[in-house]
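Down below is the structure, laid out as structure tokens.
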Amino acid sequence: MSDTPIDLDALRSRIDDLDSQLLMLMNERAQCAQQVAQVKTAEDAGAVFYRPEREAQVLRRIMALNKGPLDSEEVARLFREIMSACLALEQPIKVAYLGPEGTFTQQATLKHFGESAISLPMAAIDEVFREVEAGAVNYGVVPVENSTEGVINHTLDSFIDSGLRICGEVVLRIHHHLLVGETTRRDKVSRIYSHPQSFAQCRKWLDAHYPQAERVPVSSNAEAARLVKTEWHSAAIAGDMSAKLYGLTRLAEKIEDRPDNSTRFLIIGNQDVPMSGDDKTSIVVAMRNQPGALHDLLEPFHRHQIDMTRLETRPSRSGVWNYVFFIDFKGHHEEPRVAAVLEEVRLRAAEVKVLGSYPVGVL
Ligand SMILES: C=C(O[C@@H]1C=C(C(=O)O)C=C[C@H]1O)C(=O)O
């Protein structure tokens with residue numbers, strides 16, 4: 001500890017100075033982004049201003065530069081909002097997500113696009129796909145897999161018939177709370193509402209703490225929170241956004257069985273995203289039903305030492321082929337090594353569709 005007394009006024013005046021500089025710099029940055037938009041429009045009248053690969057690079061660079069005391073994730077979150085505001089100056093981005101309001105998918109949408117994006121809740125996963133296909137919105141956000149409960153089949157199946165591309169991914173830590181309203185009798189909770197996925201993620205906790213309570217599955221966590229508001233003997237399992245939206249409080253917090261419980265969401269759009277330097281590719285492959293088909297499909301990945309991050313099998317809906325495989329792997333389809341693997345897979349498969357190459361989720 002230094003002997004010199006801390007001069008509060010001096011510190012505050014220093015903070016005021018720094019804020020003035022930050023303000024000036026942020027506006028200077030916004031002007032640069034506006035100029036970038038002008039260049040893009042001059043090159044192509046229908047240009048897309050939002051560039052997922054560039055945004056990922058900006059955030060990764062800032063995180064690598066950061067020396068603290070602010071946490072790197074926190075710094076990235078602040079820069080995420082600055083970029084979101086800069087982009088909105090030109091053209092606020094419109095994003096459809098699996099609603100209703102207050103769901104984890106909305107939280108993922110805000111985490112990925114920032115608060116300046118216009119986000120629109122949709123009632124079902126197909127509707128998110130349809131809105132993007134129709135051009136009513138620029139992008140869509142849908143959940144694709146949970147670390148505890150596995151894949152969301154509906155999302156995978158939607159890709160089979162859709163021409164949309166995957167433009168990004170976002171991973172969200174999922175914390176569930178047991179929420180109650182102002183009128184709830186906390187010692188008399190006999191019914192619990194939630195989405196089936198959330199019940200599954202909190203099964204052990206519920207068995208231990210509320211073995212007698214009736215578990216009522218509903219269409220979303222937000223819907224569960226809404227129902228609880230008017231029932232004195234009910235509680236909901238949902239996240240912070242739903243709690244805030246319906247003014248509920250936590251009777252128990254972080255009740256998910258696995259502390260690392262997280263959900264991965266995909267950003268869907270019409271864009272072919274260039275390389276960011278740390279990318280993933282998703283493909284869907286139909287194989288003929290013959291012995292060794294899966295081995296034939298995987299062998300080129302192994303030989304070219306491509307890091308496969310996910311493999312899912314779904315029954316084919318066309319009836320012509322028995323299986324389709326969804327494969328995620330590290331790398332971008334423009335990288336020679338990846339292009340070589342894709343070429344080999346095309347020779348062995350009945351059909352291959354590249355769903356997209358996109359930056360590995362930064363935040
Ligand atoms: C400024 C650009 O356009 C948009 C805004 C960005 C930003 O504010 O840094 C980054 C990527 C784009 O979404 C750009 O492409 O560089």
Side-chain angles (χ1 to χ4, degrees), residues 19 21-67 70-97 105-120 128 131-132 135-142 164-172 265-281 332-334 356-363:
D19 284 350
Q21 286 180 51
L22 279 174
L23 177 65
M24 198 190 68
L25 291 170
M26 281 196 293
N27 276 315
E28 214 172 301
R29 190 192 191 285
Q31 278 166 351
C32 279
Q34 280 182 309
Q35 283 165 14
V36 171
Q38 281 163 14
V39 174
K40 285 178 188 168
T41 319
E43 283 171 0
D44 170 10
V48 204
F49 298 137
Y50 172 69
R51 296 294 292 267
E53 81 289 0
R54 170 68 184 153
E55 297 210 346
Q57 287 164 346
V58 169
L59 295 178
R60 285 178 196 144
R61 180 176 164 276
I62 287 296
M63 289 174 93
L65 275 178
N66 181 42
K67 291 197 172 70
L70 284 174
D71 179 75
S72 288
E73 288 229 347
E74 202 60 19
V75 171
R77 206 179 48 76
L78 295 172
F79 274 81
R80 162 67 285 155
E81 287 305 330
I82 293 173
M83 281 197 290
S84 181
C86 287
L87 192 68
L89 263 184
E90 276 325 294
Q91 177 199 58
I93 210 159
K94 266 195 188 167
V95 188
Y97 65 93
T105 314
Q106 185 186 26
Q107 202 178 323
T109 305
L110 296 177
K111 184 177 176 187
H112 191 82
F113 289 99
E115 299 271 346
S116 302
I118 299 170
S119 58
L120 305 156
V128 178
E131 285 292 289
V132 185
V137 295
N138 306 102
Y139 299 95
V141 182
V142 287
L164 292 181
R165 320 292 302 260
I166 302 175
C167 305
E169 65 168 6
V170 49
V171 178
L172 200 69
F265 299 83
L266 294 176
I267 316 301
I268 53 173
N270 290 297
Q271 221 168 342
D272 197 5
V273 182
M275 278 191 261
S276 77
D278 185 12
D279 303 284
K280 253 189 204 174
T281 298
H332 191 284
H333 69 84
E334 284 168 5
S357 291
Y358 47 91
V360 169
V362 180
L363 281 174

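Atoms considered below: every heavy atom in the structure, side chains included; atoms not considered: hydrogens, waters and symmetry mates. As the structure is a prediction and not an experimental result, all values here were calculated from the model. Whatever order the structure lists them in is the order used to number ligands and atoms, beginning at 1.
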Among Arg54, Lys40, Arg29, which one has a heavy atom closest to atom 9 (O) of ligand 1?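 It is Arg29 that holds the nearest heavy atom.
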
Heavy-atom nearest option to atom 10 (C) of ligand 1, drawn from Arg80, Gln57, Gln35, Glu55: Glu55

Quickly, which of Ile93, Val36, Thr41 forms a side chain to side chain contact (heavy atoms under 4.5 Å, CB included) with Phe49? Name it, please. Thr41

Polar side chain donor-acceptor pair, Asp279 to Ser357, under 3.5 angstrom: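 No.
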
Going from CZ on Arg51 to OG on Ser276, what distance comes out if it is rounded to the nearest 0.5 angstrom?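 Answer rounded to 0.5 Å: 11.5 Å.
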
As an exercise, state the distance from CG of Leu363 to CZ of Arg60, rounded to the nearest 0.5 Å.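 These two atoms lie 10.5 Å from each other.
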
Taking the non-hydrogen atoms of Glu90, is any one of them nearer than 4.0 angstrom to ligand 1? no

Of all the atoms in ligand 1, which lie at a distance below 4.0 Å from a heavy atom belonging to [X]?
X	value
Phe49	3 (O), 4 (C), 12 (C), 13 (O)
Met83	7 (C), 8 (O), 9 (O)
Val36	1 (C), 2 (C), 14 (C), 15 (O), 16 (O)
Tyr50	13 (O)
Leu87	4 (C), 13 (O)

Is the backbone N or O of Val273 less than 3.5 Å from a side-chain atom of Glu53, with the two atoms forming a donor-acceptor pair by type?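 The answer is no, because no donor-acceptor pair under 3.5 Å joins these two groups.
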
Taking only Lys NZ, Arg NE, NH1 and NH2, and the carboxylate oxygens of Asp or Glu, determine whether Glu74 and Arg77 approach each other closer than 4.0 Å.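 Yes, this pair counts.
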
